[in-house]
There are 2 protein chains.
Amino acid sequence: MTTVDPTDAPSAPASDTLAILGLGLIGGSLMRAASAAGWRVYGYNRSAETVSSALDEGFDAGADLADVVERAAADDALIVLATPVTALDEVIPVVHGQAPDCAVTDVISVKQQVARAMARHAPGQRYVGGHPMAGTAQSGWAAGQTDLFTRAVWAIATDDSADPATWARVARLALDVGSDVIPVASDEHDRAVAAISHLPHLTAAVTAAVGAGDGDLALHLAAGSFRDGTRVAATAPELQRAMLEANRMALLNSLSETIDRLVAARDELRDRGSVETLINDGHRARLRWEELSAAQPRPISGVQIGSPGWQAQLRAQALDGRVWTGQQTA
Amino acid sequence: MTTVDPTDAPSAPASDTLAILGLGLIGGSLMRAASAAGWRVYGYNRSAETVSSALDEGFDAGADLADVVERAAADDALIVLATPVTALDEVIPVVHGQAPDCAVTDVISVKQQVARAMARHAPGQRYVGGHPMAGTAQSGWAAGQTDLFTRAVWAIATDDSADPATWARVARLALDVGSDVIPVASDEHDRAVAAISHLPHLTAAVTAAVGAGDGDLALHLAAGSFRDGTRVAATAPELQRAMLEANRMALLNSLSETIDRLVAARDELRDRGSVETLINDGHRARLRWEELSAAQPRPISGVQIGSPGWQAQLRAQALDGRVWTGQQTA
């Protein structure tokens with residue numbers, strides 16, 4: 001049984017090593033944030049231009065994947081998969097080939113598909129998935145921000161099979177860069193993210209497409225509701241597709257519910273001249289979110305990482321709205 | 001034939017009188033903005049609390065509709081209907097009873113229904129509708145902002161029957177508070193606004209409702225795409241309903257197109273694992289909007305307000321992306 005050293009609190013200086021594979025918006029922001037938090041950090045990106053930008057800014061990066069992974073193996077670094085999900089079938093075999101003993105995490109927006117790719121290409125390797133709920137409509141290294149994860153929520157896959165030492169190391173990384181940790185089962189994560197992160201890309205896209213369909217005059221008249229409601233549609237299409245298509249089953253459920261609700265709203269508007277049900281449901285949901293966002297997060301308490309059933313205990317407290325802050329005593 | 005005096009440019013100080021009926025977010029902001037621009041302004045609100053807030057801030061307001069309208073008649077003020085559309089059947093008869101010779105405009109988000117209410121309760125009264133494309137998720141006097149209309153777009157109903165002197169007066173008001181004027185036919189306005197302003201309320205509502213349907217855990221994980229995509233769902237439901245339900249036919253068309261596109265996206269995702277069509281269409285539409293928003297607006301030119309066919313000439317140039325700036329020479 002592995003327990004967490006109480007000195008692993010976020011206030012203690014970090015001294016771990018991080019190898020980030022993929023230096024786009026998320027990976028690049030993590031390079032900046034983890035460096036600032038005291039981690040030793042280096043990374044890989046397939047684009048020589050990105051690598052050269054990172055080097056110019058004083059970071060440590062290379063464009064040779066095998067080299068970076070070999071170095072991670074020598075340092076026993078925590079490896080972070082930060083590529084689009086579509087690149088995993090190329091990246092993970094190199095990780096498993098060169099650094100089979102390294103612990104691995106990721107910052108990708110789906111958890112089940114990454115776990116399946118790890119099981120396929122890196123059987124037996126220590127892996128605990130993660131997903132920082134942060135981003136902008138921009139992409140690429142240049143869009144990265146040191147404070148992207150400050151006060152964000154970082155979901156960590158907390159399935160019954162999760163390795164406690166790896167879990168604690170990933171949690172420390174998230175806490176060190178300023179996030180609150182939410183422990184969640186992989187399938188539960190994917191369902192929730194379909195509803196609150198992937199579906200909004202489809203509703204933004206359809207809002208933009210229907211608005212523009214009425215011609216430039218309509219777009220000239222567009223103001224705040226259009227601007228905010230379509231913001232994420234500005235994200236590079238290939239990145240949106242990689243995210244959404246990797247979460248197909250859960251997204252299909254959310255999308256079907258969306259269609260059902262809109263059809264009901266259309267019938268109500270046509271037959272009774274009213275949009276009451278949908279407007280009221282949406283208003284109530286938004287206010288609930290504002291209330292939750294404004295509330296001080298309550299810490300998970302009384303769980304010792306590595307004790308029997310710790311994963312289920314963390315998940316249960318997270319379902320109750322609590323977060324892991326790393327300062328818990330068992 | 002009325003022509004516009006070239007000295008009526010926005011740089012000339014305004015000295016006209018404005019009577020604003022309804023001092024919520026839009027009416028209250030207009031009271032502040034038009035006062036700042038040199039107009040003599042007073043207003044009516046049915047809530048004594050709102051009136052007292054306005055008085056406390058040094059504005060001129062009353063809670064007796066007939067009194068305020070009588071005063072407008074004595075001053076030959078431009079009367080602005082700024083109540084929810086649902087109050088028009090009560091307000092317009094008072095306007096027509098006490099001030100039948102006053103010119104009337106409005107700042108309500110639909111044009112055909114207001115024009116119908118004017119024709120019903122105030123036959124023959126001079127009326128040119130308007131719609132400033134500005135707002136926030138807040139409502140009420142306290143949410144008002146002096147600069148709400150700065151760099152906004154103000155649609156002015158420019159039907160073939162529009163009275164040129166009233167049109168010019170409404171346009172000057174819009175220009176004086178910092179907006180660009182877009183001349184548009186009432187039916188065209190309502191179609192465009194259904195697509196780019198009213199539909200986003202329904203897509204925001206459904207995005208919020210489906211997201212919250214997955215429970216508080218999902219809402220805890222919600223980040224930027226949810227926050228921005230659901231912002232307008234925070235608006236008071238009765239205000240959203242008044243807006244949307246007043247534009248029923250046009251909104252039904254936009255909503256049906258939305259459903260059709262989402263059904264096609266669901267089929268594509270289910271059958272081919274792809275969301276390419278919708279994501280690409282949405283991305284292209286958003287970029288087109290960003291391009292139009294960033295461009296310097298080109299002025300309408302060569303139209304003399306009041307000359308034969310001036311309304312159609314203005315509309316045609318607006319369809320071509322041009323705006324009325326008030327400084328045009330004929």
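Convention: sequence-line order gives letters A, B, ...; per-chain numbering from 1.
Both the backbone and the side chain of L269(A) have a heavy atom closer than 4.5 Å to some heavy atom of chain B. Within the 4.5 angstrom heavy-atom criterion, only side-chain atoms of L255(B), from C-beta onward, approach chain A. For chain B, the nearby part of Q240(A) is the side chain; its heavy atoms alone come within less than 4.5 Å. Heavy atoms of E238(A) lying under 4.5 Å from chain B are absent altogether. Looking at I259(B), only its side chain comes within 4.5 Å of chain A, counting heavy atoms on both sides. S256(B) touches chain A through backbone and side chain together, each having a heavy atom under 4.5 Å away. Heavy-atom distances place the side chain of L199(B), and not its backbone, under 4.5 Å from chain A. Proximity to chain B (any heavy atom under 4.5 Å) is shown, for A204(A), by neither the backbone nor the side chain. Residue contact with chain B, scored on non-hydrogen atoms closer than 4.5 Å, involves the backbone and the side chain of L278(A) alike.
For the set A223(A), A246(A), G224(A), P200(A), the entry with the most heavy-atom pairs within less than 4.5 Å of chain B is P200(A). Looking only at heavy-atom pairs under 4.5 Å with chain B, the residue among G229(A), S225(A), A285(A), A208(A) that has the most is S225(A). Each of R241(A), M133(A), H131(A) has some count of heavy-atom pairs under 4.5 Å with chain B, and the biggest count is that of R241(A). Note: A233(A) leads A233(A), A265(A), P297(A) in heavy-atom pairs under 4.5 Å with chain B. Contact count versus chain A (heavy atoms, under 4.5 Å) is highest, among D281(B), L252(B), V153(B), for L252(B). No other option in N280(A), V263(A), L287(A) has as many heavy-atom pairs under 4.5 Å with chain B as V263(A). Heavy-atom pairs under 4.5 Å with chain B were tallied for L202(A), L319(A), L244(A); the largest tally goes to L202(A). With respect to chain A, the highest number of heavy-atom pairs below 4.5 Å among A134(B), A152(B), S274(B) belongs to S274(B).
Under a 4.0 Å N-O distance rule, the pair K111(A)/D159(A) does not qualify as a salt bridge. Ion pair D228(A)/R227(B) not flagged as a salt bridge, since none of the NZ, NE, NH1 or NH2 atoms sits closer than 4.0 Å to an Asp/Glu carboxylate oxygen.
At a cut-off of 3.5 Å, with distance as the only test, no side-chain donor of Q112(A) or S186(A) sits close to an acceptor on the other residue.
N247(B) places a side-chain N or O within 3.5 Å of a backbone atom of D190(B) that can act as its donor or acceptor partner.
Among the candidates T203(B), T207(B), T258(B), the single residue satisfying the side chain to side chain donor-acceptor pair (under 3.5 Å) test with T203(A) is T207(B).
H201(B) meets the ring pair (Phe, Tyr, Trp, His ring centres under 6.0 Å) test with no other residue; sequence neighbours excluded.
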